Amino acid sequence: MEFAIQAEGLKKRFGDHEVLAGVDLSVPPGTVLGLLGPNGAGKTTTVRTLATLLAPDGGRATVAGYDVVRRPREVRRRIGLAGQYAAVDGLLTGRENLVMIGRLMGLGRRGARTRAEELLDGFGLQHAAGRPSKTYSGGMRRRLDLAACLVASPQVLFLDEPTTGLDPASRITLWQQVREQIARGVTVLLTTQYLEEADFLADRITVFGSGRVIAEGTADELKRKVGDERLEVSVEGVEALEPAAAALGRAVSEAPVVDRETRRIAVRLADGIGGVARAAAELERCGVPVTDFAVRRPSLDEVFLQLTGASAQVKESGDE
Amino acid sequence: MSEVLSLTGRQMTHLRRTPEKIIAVSLTPVAMVVILGYLFASVITVEGGAYHDYVMAGVFAQVGLACVGSTAIGVASDLQTGLTDRFRSMPISRASVLFAYTVADLVTAVAAMGAVSGVGLLVGWRIHGGLLESLAAVGLLLGFTYTMLWLGVLIGLVMRNLEAINGVTALALVVFSFLSNSFMPLRGLPGWLRTVAEWNPVSSVAEACRVLWHNAPASEGASLPVRHPELASVLTLAVLLAVVVPLALRAFRTAATR
């Protein structure tokens, strides 16, 4: 088995609407692929197809070495799926939820109980294990949901927007728990709206736009694709902008962009650390009071917006 | 089989934690017993027996009809919470998921029928038939209810929207129980409507129970369901099940549209 997840030319349409227009993906075992894209780009449809919930109209896909259309049962033995909502039974307690899944996965009565206790401990849910899960907070429910898809120790984990709607603290807890699974060698396909999440969890990122893959690479590669690093300098008063801009221009031989309102000057850095050193020296020499001096790389947000074609709008209203 | 057990166990836990479901299913039928079997019993007369005896078979069938809605709601809620997706992404038989709903809700229905019998006995209802006949009628009611549960599963899978399900099944409960001989013999209906009502499985099941319980059966007319209500019930239920169960399994396979 070369790839844990592989898709070639996946197609799916709902009525007139083509949701997947030939999607290719390949995820090596033990790695994390993040699927990014705006709403309706086909991320969830891709996950549902790979998790055997939807039959594709065209193309083929294998998960854990088995074809999702011809051998769905074999695929289902090896995957865990956490959908967009925490799919736990609200009337059952946390423990009962996990035991039920364990029994359905064929762990047997005792095996299911043991596994449930392990997961309750691992996910910090032991204190609430005897309460119906509808009384849980959003973060706890998501944790229980993640625990539920790990009951049978799957090789491949599908996480469809696992932290949507969570507060920052719960999000970080969940991320750490996902990371533990990654450390155990589980292959993960993650869809998300949060670029930060993809940056934190994913080895590689695939950007979706209207049913197809529009960019692929590591977070760094994608950021580089969009633009170089730039140096941003803020000064105290408006009168300091002119001399500072002139100093920066001498240092890096690029025309600096001056924003009078925020009293910030930005300049593209083509040659890395050398330019930073020269810029600092020039500024020091002409004695301009600098309040902030920072090297910035394009964020994944900028990458995302540029790739999905919304960049124009942002530039108009943004600070460039 | 262990899949069905675990899934039914889940539903039984639901029933233990929210026994209101039994009340919801028995509410309308119990009200009918009180209103028709007690309050109106003195002004309504039927041939061949007391009205409070006549009305009970129809009320039991109404419990079965009321279960359509509650089962559909349960199925649709699991679709909405994503629990159905979880089950569908697991290596378990799809039939067992649906089968579990019907087994658990049959328990609800039996409990509701128990409540209805209690109230019925209070207003004076008695079974006058022999033991075997009486049990045969109970079996027929369970068969009817079980068919209705599968219908509920199908409706839940197809309609999905809880408010819509509530509205449609509440309407169906009224239409199917009143467009039958549950509460009134059919002789007053115009010809075509009478034929429809006679072939309504609720009519044949209720009439068969009355015959078996010797509870003032109202058999008059020449059509098959009137002359042989037991046969007609078994036939219509078998046909219904044979249609509804495969449709429900199919709907479950394609339940993930998005």
Side-chain angles (χ1 to χ4, degrees), chain A residues 12 14-15 17 19 40 42 44-45 47-55 63 68 71-93 96-97 99-109 112 132-134 141 145 148-149 151-152 154 156 158 160, chain B residues 1-22 24 70 73-101 103-105 108 157 160 162 249-258:
Chain A
K12 181 74 192 175
F14 293 126
H17 181 49
V19 188
T44 296
T45 307
V47 167
R48 296 179 68 88
T49 307
L50 294 172
T52 76
L53 295 181
L54 270 182
V63 171
V68 296
R71 309 290 299 279
R73 216 177 159 90
E74 294 301 322
V75 172
R76 288 182 198 133
R77 281 183 211 288
R78 291 166 177 81
I79 62 169
L81 168 69
Q84 287 188 11
Y85 356 70
V88 292
D89 189 321
L91 286 171
L92 298 191
T93 66
E96 285 167 344
N97 264 293
V99 170
M100 174 185 71
I101 302 283
R103 299 204 61 190
L104 289 173
M105 295 301 288
L107 300 186
R109 191 188 287 264
S133 67
K134 67 176 173 192
R141 247 201 317 274
D145 189 48
C149 54
V151 167
V156 176
F158 294 103
D160 193 6
Chain B
M1 199 55 215
S2 77
E3 292 166 8
V4 177
L5 274 181
S6 338
L7 288 167
T8 311
R10 157 182 177 248
Q11 307 274 354
M12 298 313 294
T13 310
H14 284 190
L15 198 56
R16 257 204 334 274
R17 302 220 166 115
T18 51
E20 303 93 283
K21 198 170 173 186
I22 298 174
S70 82
I73 296 274
V75 171
S77 323
D78 283 347
L79 272 179
Q80 281 189 354
T81 57
L83 210 54
T84 308
D85 282 346
R86 164 145 292 148
F87 292 143
R88 289 177 74 246
S89 74
M90 289 166 52
I92 56 176
S93 132
R94 280 151 189 222
S96 68
V97 178
L98 300 188
F99 190 58
Y101 288 116
V103 173
D105 285 351
T108 312
L157 288 171
R160 290 157 167 266
L162 299 185
L249 286 170
R250 210 184 113 101
F252 190 67
R253 257 198 301 282
T254 56
T257 13
R258 213 158 261 264

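Protein chains get the first letters and strands the later ones, always in sequence-line order, with residue 1 at the start of each. For clarity, every value in this text was computed on a predicted model and none was experimentally measured.
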query = Would A/Asp145 and A/Cys149 satisfy side chain to side chain contact (heavy atoms under 4.5 Å, CB included), going step by step from the backbone distance to the final call?
reply = CA-CA 7 Å; A/Asp145 189 48; A/Cys149 54; 5.7 Å; no
message = With a 4.0 Å cut-off on N to O distance, would you call A/Arg48 and A/Asp160 a salt bridge?
response =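 Result for this pair is no, no salt bridge flagged.
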query = Considering all heavy atoms of both residues, which atom of B/Arg86 and which atom of A/Ala82 are nearest to each other, and what is their separation?
reply =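 B/Arg86 and A/Ala82 have their closest heavy atoms at NH2-CA, 4.2 Å.
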request  = Could you please state which residues from residues 3-10 of chain B sit under 4.5 angstrom from chain A, measuring non-hydrogen atom to non-hydrogen atom, sorted by number, or 'none'?
outcome  =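 B/Glu3, B/Ser6, B/Leu7, B/Arg10 fall under the 4.5 Å cut-off.
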inquiry  = What part of B/Thr18 gets within 4.5 angstrom of chain A, counting heavy atoms only: side chain, backbone, both, or neither?
reply    =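 Just its side chain gets close to chain A.
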ask   = Between A/Leu81, A/Leu92, A/Asp89, which has the largest tally of heavy atom pairs under 4.5 Å with chain B?
value =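 Most heavy-atom pairs under 4.5 Å with chain B: A/Asp89.
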task = Could you walk me through whether B/Thr108 and B/Ser70 pass the side chain to side chain contact (heavy atoms under 4.5 Å, CB included) test, one step at a time?
result = CA-CA 10 Å; B/Thr108 312; B/Ser70 82; 5.6 Å; no
[X] versus chain B, heavy atoms under 4.5 Å apart: side chain, backbone, both or neither?
X	result
A/Glu96	side chain
A/Thr49	neither
A/Ala86	backbone

Taking only residues two or more places apart in sequence or in another chain, which ones pass side-chain hydrogen bond (donor to acceptor under 3.5 Å, both in side chains) with [X]?
X	result
A/Arg71	none
A/Arg76	A/Thr52
B/Gln80	none

message = Quick one, A/Arg73 and B/Ile92 - any side-chain contact, counting heavy atoms below 4.5 Å?
response =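 Of all side-chain heavy-atom pairs linking B/Ile92 with A/Arg73, none is under 4.5 Å.
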